[in-house]
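Fair warning: this is a prediction, and the values are worked out from it, not measured in the lab.
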Amino acid sequence: MLWQDEVNKARQIRARNNDFKFGVLDDRGVEKIPFIYDWIWALENGLYKVEIKDKVGFIDTLGGIVIPILYDNIDEFNSRGRARAFRNNSYIYIDRVGVESSYYC
């Protein structure tokens, strides 16, 4: 393990391995999310924003995909549960279950 830091209230630890891939460990050092990501950001709402090959999406604390990893960029969710995402040269809005729309609400 090259690097690690505490990232969330679930006491999970973001870490980077010798292949420079990111994953998540629990507080005992057990792998919870596999080391397959180019980057991981912890979000305050219990999700992780992850990147693979310049595409981003969201996963939960168990590694399950919440928002598919196919966007060029996604902002964090606002108080109404919507996030602005960029894909195919345009902005869209996406809700917490991955439903896209072209309008903000």
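A cation-pi arrangement is absent between Arg82 and Tyr93, since the terminal nitrogen or guanidinium carbon is not both under 6.0 Å from the aromatic centre and inside a 45° cone about the axis.
In terms of heavy atoms, Asp27 sits closest to Ile13 at CA-CD1, 4.1 Å. In plain terms, the two heavy atoms of Glu51 and Asp54 that are nearest each other are OE2-OD1, 3.5 Å. In terms of heavy atoms, Leu47 sits closest to Phe77 at CD1-CE1, 3.8 Å.
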Pair Ile92-Tyr71, side chain to side chain contact (heavy atoms under 4.5 Å, CB included): steps then yes or no: CA-CA 10 Å; Ile92 57 165; Tyr71 297 93; 3.8 Å; yes
Check against side chain to side chain contact (heavy atoms under 4.5 Å, CB included), Val56 and Phe86: CA-CA 10 Å; Val56 296; Phe86 188 72; over 6 Å; no
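Cluster membership check: Ile36 shares its hydrophobic cluster with Val66, using side-chain heavy-atom separations under 4.5 Å among Ile, Leu, Val, Met, Phe, Trp and Tyr. The cluster map of Ile, Leu, Val, Met, Phe, Trp and Tyr, joined by side-chain heavy atoms under 4.5 Å apart, puts Phe22 and Ile65 in the same cluster.
For the atom pair Asp38 CG and Arg16 CZ, the distance stands at 12.0 Å (nearest 0.5 Å). How far CD of Glu100 is from CG of Asp95: 9.5 Å, rounded to the nearest 0.5 Å. The distance from the CG atom of Leu25 to the CZ atom of Phe35 is 4.5 Å, given to the nearest 0.5 Å.
Panel note: side chain Gln12, backbone Thr61; a donor-acceptor pair is recorded below 3.5 Å. With hydrogens and angles ignored, the 3.5 Å screen pairs a side-chain donor or acceptor of Lys49 with a backbone N or O of Ile74. Side-chain N or O atoms of Arg14 include one that pairs as donor or acceptor with a backbone N or O of Ile40 at under 3.5 Å.
Here Tyr48 and Tyr37 keep their ring centres 6.0 angstrom or further from each other.
Looking at Asp19 and Lys21, no side-chain N of the basic residue comes within less than 4.0 Å of a carboxylate O on the acidic one, giving no salt bridge.
A heavy-atom distance below 4.5 Å is not found between the side chains of Phe58 and Ile94.
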